[in-house]
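Questions regarding the structure given below will be posed in turn.
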Amino acid sequence: MQLHHRHDWKLTPTEAIALQHQLRTEVVSDRPIDLDGVQLVAGVDVSVKNEQSQAAIVVVTFPGFLPVETVLAQRPTPFPYVPGLLSFREGPVLEEAFEKLKSEPDVFLFDGMGIAHPRRIGIASHMGLWLQRPTIGCGKTLLCGRYRDLAEEKGSAAPLIDRKETIGVALRTRTAKNPMFISPGHLADIPTAAELVLRCSPKYRLPEPIRLAHNAAGQFSP
DNA sequence: GCGACAG
DNA sequence: ATCTTGTCGC
């Protein structure tokens with residue numbers, strides 16, 4: 001895949017935050033995804049083991065979720081985990097994986113936040129600027145913001161709000177299970193992002209593309 | 001100053 | 001994220 005907006009990774013935390021403030025102005029989070037036109041969806045995830053990060057991108061058909069391409073990439077883990085700066089820890093290895101990708105997914109699902117981030121530029125938004133394709137953030141736990149209690153039934157949702165701003169949605173992808181926190185990455189909006197994630201979660205709490213990517217990323221070569 | 005804190 | 005067996009429940 002062609003990548004744009006690439007930048008140096010050798011940044012101090014302070015510089016990384018400054019870059020986020022600069023890049024956030026480029027993020028488009030109010031554009032509906034053309035759901036009827038989605039044919040390929042990619043799941044993206046990174047696993048860490050012994051100081052090594054392995055990224056996995058699994059592209060599946062939609063609907064159907066049949067894998068059509070899987071790419072892996074490995075690199076030494078460069079940055080310790082710092083809340084709010086996840087993209088700087090996983091970005092380098094993801095960049096390598098994206099370059100190997102031959103197919104062109106209509107949407108990318110990330111394990112982590114989109115604009116539901118203190119500076120509105122979580123990993124899904126940041127990587128979206130590179131990919132220049134719709135991206136969606138799918139977090140398993142909250143980074144920031146609050147939401148009202150939501151019904152137990154699958155499909156129930158509640159707006160995720162931070163500083164009076166709606167930044168995403170708490171979405172129940174499985175009845176009686178903890179909700180997922182969905183937010184637009186880039187070139188997407190909240191309603192269509194939530195709808196696509198729901199359609200990508202036919203059986204488990206995690207969207208199918210992300211589950212597959214998670215499994216692939218956790219498979220380290222001996 | 002005191003908490004909160006994706007993966 | 002990762003360390004890890006069995007176990008409760010549909």
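Naming: A, B, ... by sequence-line order, numbering from 1 per chain. Treat the numbers as computed from the prediction; the structure is a model and nothing was measured.
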Legend entry - B/dG7 pyrimidine/purine six-ring stacking with A/Y81, under 5.5 Å and 30°: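 According to the criterion (under 5.5 Å, under 30°), yes, A/Y81 stacks.
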Inset, instruction - Could you tell me whether A/G137 contacts a base, only the sugar-phosphate backbone, or nothing, with contacts defined as non-hydrogen atoms closer than 4.0 Å? - result: nothing
Inset, instruction - Give one of base, sugar-phosphate or nothing for A/H126, where a contact means two heavy atoms less than 4.0 Å apart. - result: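 Contact class for A/H126: none.
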Inset, instruction - Would you check if the side chain of A/H186 reaches a backbone N or O of A/S125 as a donor-acceptor pair within less than 3.5 Å? - result: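 Absent.
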Inset, instruction - Provide, to the nearest angstrom, the distance between the CG atom belonging to A/L160 and the P atom belonging to B/dC5. - result: 12 Å
Legend entry - A/R75 side-chain N/O to A/S53 backbone N/O, donor-acceptor pair under 3.5 Å: no
Inset, instruction - Would you kindly give the CD1-to-P distance between A/I121 and B/dG7, to the nearest whole Å? - result: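 To the nearest whole Å, that distance equals 18 Å.
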Inset, instruction - Respond yes when some side-chain nitrogen or oxygen of A/T141 is under 4.0 Å from OP1 or OP2 of B/dG7, and no when none is. - result: yes
Legend entry - Nearest-Å distance for atom pair NZ/C1', residues A/K203 and C/dC10: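 From A/K203 NZ to C/dC10 C1': 12 Å.
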Inset, instruction - Give a yes/no on whether any side-chain N or O of A/K140 is located under 4.0 angstrom from OP1 or OP2 of B/dG7. - result: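 Checking B/dG7 against A/K140, a side-chain N or O does come within under 4.0 Å of OP1 or OP2.
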Legend entry - Closest to side chain of A/I123, choosing from C/dT2, B/dA6, B/dG7: B/dA6
Inset, instruction - Nearest 0.5 Å please: distance from the CD atom of A/E69 over to the CD atom of A/E104. - result: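 If we round to the nearest 0.5 Å, A/E69:CD and A/E104:CD are 10.5 Å apart.
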Inset, instruction - State, yes or no, whether a side-chain contact exists between A/P13 and A/F79 at a heavy-atom distance under 4.5 Å. - result: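 A/P13 reaches A/F79 side chain to side chain.
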Inset, instruction - Whole angstrom is fine here: how far is it from CD in A/E90 over to P in C/dA1? - result: 9 Å
Inset, instruction - May I ask you to say what A/G122 touches in the nucleic acid, namely base, sugar-phosphate or nothing, with a heavy-atom cut-off under 4.0 Å? - result: base
Legend entry - A/D111 CG - C/dT2 P separation (whole Å): 10 Å
